[in-house]
Student: 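For reference, the structure I am asking about is given below.
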Amino acid sequence: MTQPKKLFIKTYGCQMNVYDSERMAEALGGQGYVETPTADDADMILLNTCHIREKAAEKVYSELGRYKRLKADKPDLKIGVAGCVAQAEGREIMRRQPMVDLVVGPQSYHRLPELEARTRAGEKALDTDFPEEDKFEALKNRPKAKRGPTAFLTVQEGCDKFCAFCVVPYTRGVEVSRPPARILEEARNLVDRGVRDITLLGQNVNAYHGAGERGDWSLAQLIWALNDVDGLERIRFTTSHPNDMTDDLIEAHGTCPKLMPYLHLPVQSGSDRILKRMNRQHTAESYLAIIDRLRAVRPDILLSGDFIVGFPEETEADFQATLDLIRTARYGYAYSFKYSTRPGTPAAERDQLPEDVKDDRLQRLQALITEQQKAAQDAMVGQEIGVLFEKPGRLPGQMVGKSDHLHAVHVQGDDIQAGDLRPVRIVESVRNSLKGELIE
Ligand code: 5AD
Ligand code: SF4
């Protein structure tokens, strides 16, 4: 038997990239590759890149620079760039870093085996098309190997919203939903392999409208169908746009037993003036009305959000409106960013705010969020909740898992196995996690 070739994948950015990296590893598994945790002994290095942050392309070029020596020592080593930077930069990557053998955009992963074969034949391989065929279908030969209790499952990709700051509609393309039958099949496969908690992924996941029996399904319909999958215990979804929080989805948060009390619903700003300039198509009030409706059906729902500070033309008063919205909405988690320009997006052409103003606002916003995060975590003390255990903790006999609300929970217990979902009483809130005791 020939030795397996070793594949090192370095993943940047969002959860969809984590999912994509798994699919790429599976696709190359058919070419005799097994994954390795280090670049040093790899036969192929793949960077799965992200374009959402500033200077994304520059960071990829400097990372590639680090592999120069490896490639010099091992001429057979193949180096590939995948993900959103690959999509945005295309052939430019091979021009600036001639040692790169392969460039593949997010819509073309299913063509990896063929692209890899071309690199082995000494060619350069580039594919940044938006192909007609269904890449998920082509990747369907799913492995049977056991895996951990949590998984991501992409149900929708791309976005038609065109927020003025965002590259996603350009790098991931138009909104496309996968058919529900395929998603259910993939979910059952994951459950057979030990998965009990699935997070449905999409750049605009609640715009989901996959073609199924009797017409298109909404995300809520898909969630209800997944609720019937035996062995699956928990369902979440991310990331949503406020305008696609339909009545049936809000209702499901109150009635669907396996849908967890957690929602990531970015608002970006609390100022209507800025929301308009961001092309968000919603107001602070319409956003808060959704939160009210969600809390009415599920009072303990934990809210998470994304915020951008220092968007062009943002005044101190606009920023105060964002802080006001945060105080009203109350978040359990949040991700906050200084606005930074993305070439090709409308806001990149506008006058920019000074960096020190952005820094100051980010700091104040994060201080408020940290306070709220701590309050939400502290409020869990004394509660009895489900914890899905994932791995051993740092102390002997300790296991770590996630609560229904996605808090990390540490529990002592020699009989706890990874994959167990057990009732736990929360006894203490510590920095960034909770401590709990098994309820026997
Ligand atoms: N500048 C700063 N933050 C951004 N995000 C997206 N584009 C930009 C940008 N140009 C943030 C948004 C989005 C999250 C994934 O990244 O808050 O919700
Ligand atoms: Fe980007 Fe989200 Fe706006 Fe779509 S809805 S353009 S992914 S920020």
Side-chain angles (χ1 to χ4, degrees), residues 12-19 49-59 83-85 87-88 106 152 154-177 199-209 219 237-245 263-271 274-282 286-287 290 303-314 319 322 325-326 329 331 333-353 355 357-359 361-362 365-366 369:
Y12 299 83
C14 65
Q15 293 150 329
M16 192 172 288
N17 268 11
V18 175
Y19 175 90
T49 61
C50 168
H51 205 300
I52 206 93
R53 301 280 162 262
E54 201 173 10
K55 301 200 184 85
E58 292 314 310
K59 284 179 192 153
C84 291
V85 172
Q87 189 64 41
F152 297 122
T154 294
V155 303
Q156 175 285 331
E157 242 189 303
C159 181
D160 298 339
K161 294 276 192 287
F162 290 94
C163 298
F165 50 82
C166 186
V167 286
V168 165
Y170 310 95
T171 57
R172 290 274 173 168
V174 294
E175 202 282 318
V176 178
S177 293
T199 299
L200 306 177
L201 293 182
Q203 272 86 25
N204 197 179
V205 71
N206 57 341
Y208 179 82
H209 57 94
L219 183 66
F237 58 91
T238 195
T239 294
S240 298
H241 189 283
N243 289 4
D244 295 312
M245 284 308 296
L263 179 67
H264 182 63
L265 192 62
V267 64
Q268 315 296 355
S269 167
S271 154
I274 295 299
L275 287 169
K276 208 173 182 107
R277 282 168 171 65
M278 286 177 164
N279 191 32
R280 287 288 294 180
Q281 314 275 353
H282 63 79
S286 67
Y287 177 85
I290 296 165
L303 190 63
S304 139
D306 288 346
F307 298 90
I308 295 178
V309 299
F311 190 74
E313 295 174 52
E314 186 188 69
F319 176 65
T322 301
L325 178 141
I326 294 173
Y331 290 89
Y333 302 94
Y335 304 88
S336 47
F337 314 98
K338 289 189 285 181
Y339 172 71
S340 67
T341 54
R342 296 291 174 282
T345 59
E349 312 299 322
R350 302 179 195 164
D351 287 343
Q352 303 298 317
L353 262 59
E355 214 46 35
V357 172
K358 293 185 193 176
D359 283 330
R361 289 183 188 164
L362 185 68
L365 186 144
Q366 288 184 339
I369 292 291

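Ligands are counted one by one from 1 in listed order, and the atoms in each one are counted from 1 as well. Residues: numbered from 1 along the sequence shown.
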Student: Give the residue and atom name of whichever protein heavy atom lies nearest to atom 2 (C) of ligand 1, and the separation in Å to one decimal.
Tutor: Lys338 O, 3.3 Å

Student: Which protein heavy atom lies closest to atom 6 (S) of ligand 2, and at what distance to 0.1 Å?
Tutor: Cys163 N, 3.3 Å

Student: I need the nearest protein heavy-atom contact for atom 14 (C) of ligand 1: residue, atom name and distance, please.
Tutor: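 That would be Asp306 OD2, 3.4 Å.
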
Student: Is the centre of the Tyr333 ring less than 6.0 Å from the centre of the His264 ring?
Tutor: no

Student: Of the backbone atoms (N, CA, C, O) and the side-chain heavy atoms from C-beta on, which set of Pro266 has a member under 4.0 Å from an atom of ligand 2: side chain, backbone, both, or neither?
Tutor: neither

Student: Could you tell me, atom by atom, which parts of ligand 2 come under 4.0 Å of a heavy atom of Phe165?
Tutor: 8 (S)

Student: What protein heavy atom lies closest to atom 2 (Fe) of ligand 2? Include the residue and the distance to one decimal.
Tutor: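 Here the closest protein heavy atom is Gln203 O, 4.3 Å.
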
Student: Among all the protein's non-hydrogen atoms, which is closest to atom 4 (Fe) of ligand 2, and how far away is it?
Tutor: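 That would be Cys159 SG, 2.2 Å.
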
Student: Quick check on contacts: which atoms of ligand 2 are under 4.0 angstrom from a heavy atom of Pro169?
Tutor: 6 (S)

Student: Any salt bridge between Arg277 and Glu314, counting N to O under 4.0 Å?
Tutor: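 Salt bridge between Arg277 and Glu314, a charged N being under 4.0 Å from a carboxylate O: no.
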
Student: Looking only at distances, can you tell me whether any N or O atom of Thr341, backbone or side chain, sits closer than 3.5 Å to an N or O atom of ligand 1?
Tutor: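 The answer is no, given that Thr341 and ligand 1 share no N or O pair closer than 3.5 Å.
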
Student: Using only heavy-atom distances, determine whether the side chains of Asn279 and Gln281 contain a donor-acceptor pair under 3.5 Å.
Tutor: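 The answer is yes; a qualifying pair exists.
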
Student: So which atom in Tyr287 and which in His282 form the shortest heavy-atom distance, rounded to 0.1 Å?
Tutor: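 Where Tyr287 meets His282 most closely, the heavy atoms are CB-ND1, 4.4 Å.
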
Student: Which residue supplies the protein heavy atom nearest to atom 12 (C) of ligand 1, what is that atom called, and how far is it?
Tutor: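 Among all protein heavy atoms, the one nearest atom 12 (C) of ligand 1 is Gln268 OE1, 3.4 Å.
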
Student: How close do Ala207 and Glu175 get, heavy atom to heavy atom, and via which atoms?
Tutor: O-OE2, 4.1 Å

Student: Between Gln156 and Tyr208, what is the shortest heavy-atom contact and its length?
Tutor: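 Closest approach of Gln156 to Tyr208: CB-CD1, 4.2 Å.
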
Student: Measure the distance from atom 10 (N) of ligand 1 to every protein heavy atom, then report the residue, atom name and distance (to 0.1 Å) of the closest one.
Tutor: Ser340 O, 2.8 Å

Student: List the atom of Asn243, the atom of Arg280, and the distance in Å for their closest heavy-atom pair.
Tutor: ND2-O, 4.0 Å

Student: Less than 6.0 Å separating the ring centroids of Tyr331 and Phe307?
Tutor: yes

Student: Looking at Thr49 and Asn17, what are the two nearest heavy atoms and their distance?
Tutor: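 Minimum heavy-atom separation between Thr49 and Asn17: O-ND2, 2.9 Å.
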
Student: Give the numbers and elements of all ligand 2 atoms closer than 4.0 Å to a heavy atom of His241.
Tutor: 5 (S)

Student: Can you sort out which atoms of ligand 2 are near Lys161, meaning under 4.0 Å from one of its heavy atoms?
Tutor: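 Here the atoms of ligand 2 in question are 4 (Fe), 5 (S).
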
Student: Nearest non-hydrogen contact with atom 16 (O) of ligand 1 belongs to which option: Phe311, Tyr335, Phe337, Phe307?
Tutor: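 That would be Phe337.
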
Student: Would you check whether Phe165 has a nitrogen or oxygen atom less than 3.5 angstrom from a nitrogen or oxygen atom of ligand 1?
Tutor: yes

Student: Is the count of non-hydrogen atoms from other residues, nucleotides or ligands lying under 6.0 Å from Phe162 atom CZ greater than 12?
Tutor: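 Correct, the count exceeds 12.
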
Student: Got the closest protein heavy atom to atom 1 (Fe) of ligand 2, with its distance?
Tutor: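 Ranked first by proximity to atom 1 (Fe) of ligand 2 is Cys166 SG, 2.3 Å.
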
Student: Just wondering, do Pro169 and Lys161 contact through their side chains at under 4.5 Å, heavy atoms?
Tutor: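 With C-beta onward as the side chain, the pair stays apart.
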
Student: Would you kindly specify which portion of Phe162 sits under 4.0 Å from ligand 2, judged on non-hydrogen atoms: side chain, backbone, both or neither?
Tutor: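 It is the backbone that gets close, since no side chain atom is under 4.0 Å.
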
Student: How far is atom 4 (C) of ligand 1 from its nearest protein heavy atom, and which residue and atom is that?
Tutor: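 Here the closest protein heavy atom is Ile308 CD1, 3.6 Å.
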
